[in-house]
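Written below as structure tokens is the structure these notes are about.
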Amino acid sequence: MQIRPVGPRALLVEVAGPAEALALAAHARAVGVGADEVVPAARTVLLDGVEDPAAAAAALAGWRPGAPVPAGDLVEVPVRYDGPDLGWLADAWGTSEDDVVARHSAIEFVSAFCGFAPGFAYLAGLPERLAVSRLDSPRTAVPAGAVALAGTWCGVYPTASPGGWRLLGRTDLRLWDAERPSPALLAPGTRVRFVPA
């Protein structure tokens with residue numbers, strides 16, 4: 001764990017990967033690290049709005065890699081598995097489209113962090129043996145609600161945008177709603193299951 005100052009009121013903590021970032025963010029919130037925002041990412045945690053950086057760093061000293069992450073709420077995402085890359089995924093995994101659906105919907109994903117667009121969550125849980133490549137050239141338009149894979153990540157596009165992930169289905173759930181108390185439906189720590197609709 002490396003702690004670096006970012007301006008007078010923020011710290012950037014570097015860790016080994018997304019699971020550690022999520023665990024450290026949970027620890028920071030649990031011990032009351034004294035930051036306005038605690039933001040996990042792929043290999044960092046940003047503590048923003050820190051009144052006393054030295055005290056915040058000291059509060060993190062008790063955290064150790066490998067610490068368990070408290071289980072978050074479970075969100076079920078209904079999916080119509082009709083994406084344009086479903087057949088490609090079946091070929092890549094050496095199986096049928098029905099088995100792609102069965103494998104994907106059997107995984108309990110965890111939202112590791114959010115980024116790219118408001119409401120877009122990077123969902124961890126796809127085994128390394130099922131990792132998939134991105135498109136050689138991104139699509140200029142991916143519809144809102146598209147359920148997609150890239151590497152070992154799963155995600156749902158909250159709005160229409162360009163994108164290079166492999167599309168296997170779509171959902172009507174609203175991923176981001178500024179009027180909700182918690183605008184991001186799949187905030188970091190949320191457990192996610194995809195349910196064939």
Side-chain angles (χ1 to χ4, degrees), residues 1-75 77 107-128 131 134 138 144 148-159 161-165 173-193:
M1 178 173 72
Q2 295 286 327
I3 302 176
R4 303 182 187 281
V6 181
R9 298 189 64 227
L11 297 173
L12 188 68
V13 187
E14 297 176 348
V15 293
E20 289 193 2
L22 190 57
L24 178 60
H27 173 81
R29 293 187 188 103
V31 300
V33 74
D36 293 338
E37 298 281 347
V38 177
V39 184
R43 299 184 66 162
T44 60
V45 177
L46 177 67
L47 307 178
D48 192 26
V50 178
E51 289 295 331
D52 185 342
L60 297 178
W63 178 80
R64 296 288 178 268
V69 179
D73 292 339
L74 176 66
V75 172
V77 178
I107 297 170
E108 183 174 284
F109 292 91
V110 175
S111 173
F113 61 96
C114 292
F116 169 62
F120 186 90
Y122 286 80
L123 305 175
L126 192 69
E128 186 68 38
R134 295 172 187 243
L149 300 175
T152 58
W153 296 106
C154 181
V156 183
Y157 285 79
T159 58
S161 69
W165 290 30
L173 280 188
R174 192 168 184 173
L175 280 295
W176 179 263
D177 183 348
E179 301 302 318
R180 286 195 299 240
S182 180
L185 181 66
L186 308 180
T190 302
R191 296 175 295 130
V192 180
R193 275 200 179 275

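Residues take their numbers from the sequence shown, with the count starting at 1. FYI, side chains are in, hydrogens and waters are out, and symmetry mates aren't considered; it's all heavy atoms of this structure.
- The structure places CZ of F113 at 10.0 Å from CG of L123, a figure rounded to the nearest 0.5 Å.
- For D73, the CG atom sits in a loose shell: 12 or fewer heavy atoms of surrounding residues, nucleotides or ligands are nearer than 6.0 Å.
- Summarising the geometry of W165 relative to A148, their closest heavy-atom pair is CB-CB, 3.5 Å, with the distance given to 0.1 Å.
- Side-chain atoms of R64 come within 3.5 Å of backbone atoms of A61 as a donor-acceptor pair (strictly under, hydrogens ignored).
- Under the 3.5 Å distance criterion, the side-chain polar atoms of T152 are left unmatched by any main-chain donor or acceptor of E128.
- Of all heavy-atom pairs spanning L60 and M1, the tightest one is O-CE, 3.7 Å.
- Looking at heavy atoms from C-beta onward, D36 lies out of side-chain contact with D48 at the 4.5 angstrom threshold.
- Taking every heavy atom of both residues into account, V15 and A21 meet most closely at CG2-N, 3.6 Å.
- Expressed to the nearest 0.5 Å, how far OG of S111 lies from OH of Y122 amounts to 11.0 Å.
- Using a 4.5 Å heavy-atom cutoff, the side chains of L46 and T44 are not in contact.
- In this structure, the side chains of Y157 and F116 come closer than 4.5 Å at one or more pairs of heavy atoms.
- A pairwise comparison of heavy atoms in R180 and L175 identifies NH2-O, 3.4 Å as the closest pair.
- Proximity of T190 to F109: side-chain heavy atoms (C-beta onward) are nowhere separated by under 4.5 Å.
- Contact annotation: the side chain of C154 never approaches that of L126 to less than 4.5 Å [non-hydrogen atoms, C-beta and beyond].
- Between P183 and D177, the closest side-chain pair of non-hydrogen atoms is not below 4.5 Å.
- Pairing each heavy atom of R134 with each of A150, the nearest pair is CG-CB, 3.8 Å.
- Looking only at side-chain heavy atoms (C-beta outward), W153 and P18 come within less than 4.5 Å of each other.
- Across P40 and R29, no two heavy atoms sit closer than the pair CD-NH2, 4.0 Å.
- By the 4.5 Å heavy-atom criterion applied to side chains, P158 and L185 are not counted as neighbours.
- Distance CZ/R4 to CG/L12: 8.0 Å, rounded to 0.5 Å.
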